[in-house]
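Structure record follows, encoded as structure tokens.
Read the numbers this way: they start at 1 and go in the same order the structure lists the ligands and their atoms. What you see below is based on every heavy atom in this structure, not just the backbone, and it leaves out hydrogens, waters and symmetry mates.
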Amino acid sequence: MRSMLLKSCQRKLTQKVSIRSGDAFNNLQYTLALLKPDLFTQPHCVKAVLNEFIPMNGLKIVIQKTVSWSVKDAQYFYAEHRGKYFFQRLTDYLSSGPFFALVLQGPDAISKWRKLIGPTRPDKARIHHPETLRAHFGLTDTRNSFHGSGKRGFFVY
Ligand SMILES: Nc1ncnc2c1ncn2[C@@H]1O[C@H](COP(=O)(O)OP(=O)(O)OP(=O)(O)O)[C@@H](O)[C@H]1O
């Protein structure tokens with residue numbers, strides 16, 4: 001399984017990649033991280049996240065790709081929230097411009113990245129978890145700058 005994972009990671013970024021996240025090998029995991037459109041428009045913030053926050057927290061970027069989603073792509077990705085009052089706002093936002101998709105690797109990468117990005121709401125993050133990325137960079141409940149996959153499973157982009 002590990003060699004399959006590594007093979008997937010080594011494919012060129014232009015190719016469609018399918019990786020099984022969260023497979024443990026000596027606690028090694030892969031996780032999907034999104035640096036959402038609001039952050040993408042702030043190159044100095046992106047630079048700080050990529051070059052400082054991620055490596056300093058024991059995570060390694062194995063794939064980095066700029067993506068642009070249609071509304072349908074965003075609706076598919078966030079399907080679990082369909083029907084909620086913020087669904088249209090959320091999917092309009094994710095399809096409003098380009099953003100970065102990263103595959104991060106490291107021990108306990110899934111929970112480590114989720115912990116690093118912090119609570120969904122940046123205002124709450126600034127009060128209760130001021131050290132987190134959403135506290136530093138998040139703007140609003142919708143434009144909260146980051147996504148971290150919450151569970152093991154396949155992701156394709
Ligand atoms: N109450 C809300 N009002 C507005 N937007 C919301 C609200 N709750 C969630 N969202 C938006 O939907 C996204 C997905 O919500 P979820 O509950 O999965 O939070 P999360 O796991 O912290 O975020 P993400 O899935 O983006 O990592 C959030 O990142 C946020 O942009």
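In Asn144, the part holding a heavy atom less than 4.0 Å from any atom of ligand 1 is the side chain. At a heavy-atom distance under 4.0 Å, no atom of Glu80 approaches ligand 1. Contacts with ligand 1 closer than 4.0 Å are made by no heavy atom of Tyr93, backbone or side chain.
Residue pairs satisfying the salt bridge (charged side-chain N to carboxylate O under 4.0 Å, His left out) criterion with at least one member in residues 132-149, sequence neighbours excluded, are listed as follows: Arg121-Asp141.
Following chains of ILVMFWY side-chain contacts shorter than 4.5 Å, one can reach Tyr85 starting from Tyr93, so the two form part of one hydrophobic cluster. Hydrophobic clustering (side-chain heavy atoms under 4.5 Å, transitive across Ile, Leu, Val, Met, Phe, Trp, Tyr) groups Val67 together with Leu94.
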task: Given side chain to side chain contact (heavy atoms under 4.5 Å, CB included), test Thr31 with Leu59 step by step and report yes or no.
output: CA-CA 10 Å; Thr31 193; Leu59 294 167; 5.8 Å; no
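In this structure, Phe99 and Trp69 have perpendicular ring planes: the angle between them is above 60°, well past the 30° mark. Ring-plane geometry between Phe86 and His81 is classed as tilted, the angle between the planes lying from 30 to 60 degrees on a 0 to 90 degree scale. Below 30°, between 30° and 60°, or above 60°: for Trp113 and Phe146 the angle between ring planes is above 60°, a perpendicular geometry.
Applying the 4.0 Å criterion to heavy atoms of Thr120 picks out, from ligand 1, the atoms 9 (C), 19 (O), 20 (P), 22 (O), 28 (C), 30 (C). Numbered from 1 in the order shown, with element, the atoms of ligand 1 that lie under 4.0 Å from a heavy atom of Phe146 read 26 (O). The ligand atoms of ligand 1 that sit less than 4.0 angstrom from a heavy atom of Arg134 are 22 (O), 23 (O), 24 (P), 26 (O), 27 (O), 29 (O). Close approach to Gly148 involves these atoms of ligand 1, each under 4.0 Å from a residue heavy atom: 27 (O). Every atom of ligand 1 with a heavy atom of Thr142 under 4.0 Å away is listed here by number and element: 4 (C), 5 (N), 31 (O). Interface of His81 with ligand 1, defined as ligand atoms under 4.0 Å from a residue heavy atom, comprises 14 (C), 15 (O), 16 (P), 17 (O), 18 (O). Atoms of ligand 1 found under 4.0 Å from any heavy atom of Arg114 (numbered from 1 in listed order, with element): 20 (P), 21 (O), 27 (O). Those atoms of ligand 1 with a heavy atom of Tyr85 less than 4.0 angstrom away are 1 (N), 2 (C), 3 (N).
Scanning both residues, Val49 and Pro55, for their nearest heavy atoms gives O-CD, 4.2 Å. Counting all heavy atoms, side chain and backbone alike, Thr132 lies closest to Ile117 at CB-O, 3.6 Å.
Shortest contact from atom 24 (P) of ligand 1 to any protein heavy atom: His147 ND1, 3.2 Å. Nearest protein heavy-atom contact of atom 30 (C) of ligand 1 is Asp141 O, 3.3 Å. Protein heavy atom in closest approach to atom 26 (O) of ligand 1: Tyr78 OH, 2.6 Å. Nearest protein heavy-atom neighbour of atom 10 (N) of ligand 1: Phe86 CE1, 3.5 Å.
Within the 4.5 Å cutoff, side-chain heavy atoms of His147 are placed close to those of Phe77.
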